[in-house]
2 protein chains.
Amino acid sequence: MRTLSPPVGLPALTETDLVGQVARLLTQAVVEGRLAPGSKVVEAGIARELGVSRAPVREAARLLEQQGLLVASPRRGFFVRKFAADDIDDIYDLRLCVERHAAVLAARNLTPETRDMLRRQIDVLHQTADLEDPARQVEEDYRFHRLICEIAANRRLLRLFDDLASEMRMVIGLIGRLYDDPHEIARTHEPVLAAIEQGHPERIVAHIDYHIGHAWREVGKLVREIPA
Amino acid sequence: MRTLSPPVGLPALTETDLVGQVARLLTQAVVEGRLAPGSKVVEAGIARELGVSRAPVREAARLLEQQGLLVASPRRGFFVRKFAADDIDDIYDLRLCVERHAAVLAARNLTPETRDMLRRQIDVLHQTADLEDPARQVEEDYRFHRLICEIAANRRLLRLFDDLASEMRMVIGLIGRLYDDPHEIARTHEPVLAAIEQGHPERIVAHIDYHIGHAWREVGKLVREIPA
DNA sequence: CAAGACTAAACTGTCGACAATCGACGCTTA
DNA sequence: TAAGCGTCGATTGTCGACAGTTTAGTCTTG
């Protein structure tokens with residue numbers, strides 16, 4: 001007989017997840033550029049600064065390494081990843097591949113509810129455009145694209161998108177600011193949603209290509225301007 | 001003036017890369033099914049068995065977690081990942097997405113040399129088919145597909161393929177044996193190479209779809225037969 | 001006899017310590 | 001004077017230990 005009270009949707013509390021916290025803080029420091037690309041990440045230094053021992057810091061660093069934010073050099077330590085123009089191309093090329101696929105799947109799974117979520121996120125993008133907050137703008141932009149991946153309903157694909165997003169955030173972070181006209185950016189999401197609603201795979205791919213290709217060219221241009 | 005002795009082609013030695021070694025051994029144990037899906041991976045046990053302390057084992061386990069072979073549950077430890085039918089679909093769906101893209105890129109970059117490498121790998125597949133060694137057959141199969149990703153010349157994409165491959169190896173491992181007729185499998189690679197040589201994106205995608213779709217259906221069928 | 005309380009063993013998360021290694025700086029020598 | 005060799009502080013790789021939590025097993029009780 002079942003005597004346990006039914007689940008109420010409470011989040012499992014982790015209490016002590018030092019590794020996760022350290023990873024989050026390190027990620028922030030990296031994408032915000034407080035840790036410059038190429039610079040060394042000294043375990044003991046981070047540990048002391050955060051008031052923890054080196055063990056959790058090491059594990060967190062390994063996580064960021066897998067995510068591509070740090071690179072490990074045996075017996076020399078971790079370094080903040082440097083992005084060359086080639087890296088940008090690799091990342092955006094893969095992003096294109098992933099989001100094309102996600103968009104086609106999303107179109108297949110689209111329901112009135114998910115359609116509205118996308119619609120609303122575009123509204124948010126327009127609203128955010130008025131705020132002078134580039135970081136926020138970038139976040140809401142990703143949220144739209146992430147939504148597409150969520151609707152695609154492939155966990156593995158969603159995780160890949162998140163990994164790529166953290167790399168892209170880092171690139172964007174080191175560029176500084178990206179958007180000339182946030183409203184323009186917000187508008188360019190409209191045809192993507194329209195294509196997904198209509199549902200023709202080729203049309204979807206074409207609009208995704210155009211939208212992401214635009215970002216790719218912009219970011220590529222700006223990165224090439226930076227001395228590296 | 002340059003007085004350093006010129007490079008002699010010596011391989012960089014890692015000497016002490018316990019984490020890497022442990023990760024490799026753990027991976028083997030997982031894909032070979034010696035660690036059953038769902039079973040707990042006790043840090044101290046692994047450490048004792050390997051004659052090392054828990055620290056490297058923990059870091060290795062985190063690596064495998066990121067690769068999707070283990071799942072971590074806070075304060076309860078690591079467990080060997082269980083695959084549901086949905087997971088298979090997610091993985092193969094993503095694989096399809098990735099390899100379509102890789103094949104199109106590979107066609108664009110194809111040179112006589114890389115063409116011959118692919119050709120030779122198909123020969124190897126045929127030779128391996130005579131040996132009664134399913135594991136080897138699977139490895140050589142992956143090697144062909146990995147070659148395509150290498151020729152595509154996108155590092156990020158290659159890493160993704162490797163991650164997916166380790167997940168697929170695990171799935172294959174728990175199925176037991178996959179191939180009814182290894183020669184048949186070897187033959188089905190021919191049209192893929194042919195399509196890449198010809199270079200029409202649509203034809204390439206079609207053949208990749210057929211080839212991988214075949215594996216997907218086979219694996220999916222077998223996994224659904226297993227009680228899980 | 002099953003649900004819950006209690007207890008002991010096992011395990012994880014974290015820490016501080018120590019040896020091995022790396023990188024920078026100054027010293028030697030041709 | 002610059003290449004090459006020691007030397008020394010800084011840093012990583014690894015370990016053993018300890019506290020707090022989870023789990024399995026036993027006991028109690030309605």
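As a basis for the values below, the full set of heavy atoms in this structure was taken, side chains included, without hydrogen atoms, waters or symmetry mates. Residue numbers start from 1 in every chain, and the chains themselves are labelled A, B, ... in the order their sequence lines are given, proteins ahead of strands. Since this is a predicted model, take the numbers as computed values, not measurements.
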> Is A:Asp87 paired with A:Arg81 through a side-chain N to carboxylate O contact shorter than 4.0 Å?
Replying inline: yes
> Roughly how many Å is it from CD in A:Glu59 to P in C:dT12, rounded to a whole number?
Replying inline: 12 Å
> Starting at CD of A:Gln21 and ending at P of C:dG13, how long is that distance when rounded to a whole Å?
Replying inline: 14 Å
> Checking B:Ser39 side chain against B:Leu35 main chain: does a donor-acceptor pair fall under 3.5 Å?
Replying inline: no
>> Any donor-acceptor pair under 3.5 Å linking the side-chain atoms of B:His189 with those of B:Asp141?
In response: yes
>> In this structure, how many angstroms lie between the P atom of C:dT12 and the CZ atom of B:Phe78, rounded?
In response: 9 Å
>> Between A:Arg62 and A:Glu59, does any NZ, NE, NH1 or NH2 come within less than 4.0 Å of an OD or OE carboxylate oxygen?
In response: no
> Do NZ/NE/NH1/NH2 and the carboxylate oxygens of A:Arg224 and A:Asp89 come within less than 4.0 Å?
Replying inline: yes
> Among the nucleotides D:dT12, C:dC15, C:dT12, which one has an atom lying closest to any side-chain atom of A:Glu43?
Replying inline: D:dT12
>> For B:Ser53 and A:Ala44, find the nucleotide of DNA chain D closest to each by heavy atoms; which residue's nucleotide sits nearer the 5' end?
In response: A:Ala44
>> What is the distance, to the nearest angstrom, from the CZ atom on B:Arg62 to the P atom on C:dT12?
In response: 12 Å
Pairs: protein N or O with nucleotides 18-20 of chain D N or O, under 3.5 Å:
none

N/O contacts under 3.5 Å, protein versus nucleotides 22-24 of chain C?
| residue | atom | partner | partner atom | Å |
| --- | --- | --- | --- | --- |
| C:dG23 | OP1 | A:Arg76 | NH1 | 2.2 |

>> Between A:Glu139 and A:Arg143, does any NZ, NE, NH1 or NH2 come within less than 4.0 Å of an OD or OE carboxylate oxygen?
In response: no
>> Could you tell me how far apart B:Leu50 (CG) and D:dC15 (C1') are, to the nearest whole angstrom?
In response: 15 Å
> When all nucleic acid strands are considered with a 4.0 Å heavy-atom cut-off, which category describes A:Val41: base, sugar-phosphate, or nothing?
Replying inline: sugar-phosphate
> So, B:Glu140 and B:Arg136, do they make that salt bridge, N to O below 4.0 Å?
Replying inline: yes
> A:Ile46 has an atom CD1; how far is it from atom C1' of C:dC15, in whole Å?
Replying inline: 18 Å
> Closer to the 5' end of DNA chain C via nearest nucleotide, is it B:Arg48 or A:Pro56?
Replying inline: B:Arg48
> Rounded to whole angstrom units, what separation is found between the CZ atom of B:Arg58 and the P atom of C:dC15?
Replying inline: 11 Å
>> Of the options D:dC15, C:dC15, C:dT12, whose atoms approach the side-chain atoms of A:Val52 most closely?
In response: C:dC15
>> Are there over 12 heavy-atom neighbours, none belonging to B:Arg159, within less than 6.0 Å of that residue's CZ?
In response: yes
> Looking at A:Lys40, does any N or O in its side chain come under 4.0 Å of the phosphate oxygens OP1/OP2 on D:dA10?
Replying inline: no
>> Can you pull out every salt bridge (charged side-chain N to carboxylate O under 4.0 Å, His left out) where at least one residue sits in residues 145-154 of chain A? Sequence neighbours excluded, please.
In response: A:Arg146-A:Glu150, A:Arg146-A:Asp162
> B:Phe79 CZ to C:dC11 C1': how many Å, rounded?
Replying inline: 11 Å
